[in-house]
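Counting convention: from 1, in listed order, for ligands and their atoms alike.
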Amino acid sequence: MAAPGLRLGMEKLFEMLAAMGRQSRAYSKSQTFAEVLRLPKSQLTKLVYPLQELEQHLVPDTRPHLHLRVFDPSLEDIARAESVFAASQRNRIEYLSSAVRLDHAPALSRPEVCFIGRSNVGKSSLIKALFSLAPEVEVRVSKKPGHTKKMNFFKVGKYFTVVDMPGYGYRAPEDFVDMVEAYLKERRNLKRTFLLVDSAVGITKTDNIAVEMCEEFALPYVMVLTKVDKPSKGHLLKQVLEIQKFVNTQTQGCFPQLFPVSAVTYSGIHLLKCFIANITGNLN
Ligand code: GDP
């Protein structure tokens, strides 16, 4: 059963979602989140606030100074962000174009966020999950590593652009250097870079190259841990703590909070959408 505070908040939220329904078509798309809100509290926490769920497994006395959560939005804010990511006639979410070189990239003034990661880390699957309320958007998901050779630009209404960058590692190192480096270094409207790391594997040598690049260009970036449904809870916790330590001690530009996500269970996806809506100035 939901705690009294949470239940009260949820009642308010249902009212808000209903009001959204009276105002715009976005409500029908937000219904999925209304369903999420009806989940039992433990399931809701696991899905929407995965770090909070993991924190419960830490021994409090041994880690008194470890604050895993910095960005901790309310369910109302998360619902608001859902409507940003819900396609409607008024809020068109669509593939814009692809580019193999920065000078072929569309000239846009909207804020932009990009996703980088080694091949097979789960980048296409994550972007697809972010666009689950825009089913007409086609994001290619391949079983073969290294398929994404282009930068793919997706427009999210009037709000911002999402860029899917070529995967690095394996067979695509040249693409990475030629395209990704130039893009990261020169794209003026780039607000945040999301660097994907496989939660079952941890930070690899190839991931480190991307970290070094973000650090060298003094970019604000965020580490997203993919496929959190795969490792056991114990292994996941170990990885989260190790990667958190890495972020705290070895990086300057990395956001201090990790974002664990699963494109299979959708764990952490709502929170990530809310973070993106927030940093692109679209949460108010
Ligand atoms: P990309 O090369 O980084 O775009 O990776 P893909 O999105 O194509 O995913 C690579 C492989 O990992 C595919 O077989 C996906 O089905 C699998 N995968 C992606 N995300 C997840 C996830 O969240 N959980 C699990 N269990 N598998 C995933």
task: Before giving the answer on side chain to side chain contact (heavy atoms under 4.5 Å, CB included), spell out for Val240 and Glu55 the whole-Å C-alpha distance, their side-chain angles and the decisive distance to 0.1 Å.
output: CA-CA 10 Å; Val240 166; Glu55 259 176 341; over 6 Å; no

field: Worked check of side chain to side chain contact (heavy atoms under 4.5 Å, CB included) between Leu44 and Leu75
entry: CA-CA 10 Å; Leu44 178 90; Leu75 289 170; 4.2 Å; yes

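By the 30° and 60° cut-offs, the orientation of the rings of Phe33 relative to His270 is tilted.
Between Asn120 and Arg118, the side chains place no donor N or O within less than 3.5 Å of an acceptor N or O (distance only, hydrogens not considered).
Not a single heavy atom of Gly167 sits closer than 4.0 Å to an atom of ligand 1. In this structure, Asp229 is part of the shell of residues with a heavy atom less than 4.0 angstrom from ligand 1.
Counting only heavy atoms from C-beta outward, the side chains of Gln244 and Leu51 never approach each other to under 4.5 Å.
With sequence neighbours excluded, the residues satisfying side chain to side chain donor-acceptor pair (under 3.5 Å) with Arg101 are Asp103.
Not one N or O of Val261 is nearer than 3.5 Å to an N or O of ligand 1, by distance alone. An N or O contact shorter than 3.5 Å links Ser125 to ligand 1 by distance. Checked by distance only, ligand 1 and Val121 come closer than 3.5 Å through their nitrogen or oxygen atoms.
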Between side-chain atoms of residues 191-202 and protein atoms elsewhere (two or more places apart, or another chain), which donor-acceptor pairs fall under 3.5 Å?
{"residue": "Asp198", "atom": "OD1", "partner": "Ala200", "partner atom": "N", "Å": "2.9"}
{"residue": "Ser199", "atom": "OG", "partner": "Thr226", "partner atom": "O", "Å": "2.7"}
{"residue": "Ser199", "atom": "OG", "partner": "Lys227", "partner atom": "O", "Å": "3.3"}

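The option with the heavy atom closest to atom 11 (C) of ligand 1, from among Val228, Asn120, Asp198, is Asn120.
Listed by number with element, the atoms of ligand 1 under 4.0 Å from a non-hydrogen atom of Ser262 are 23 (O). Within ligand 1, counting atoms from 1 as listed, the ones closer than 4.0 Å to a heavy atom of Val264 are 22 (C), 23 (O), 24 (N), 25 (C), 26 (N). Residue contact check: Lys230 has heavy atoms under 4.0 Å from atoms 26 (N) of ligand 1.
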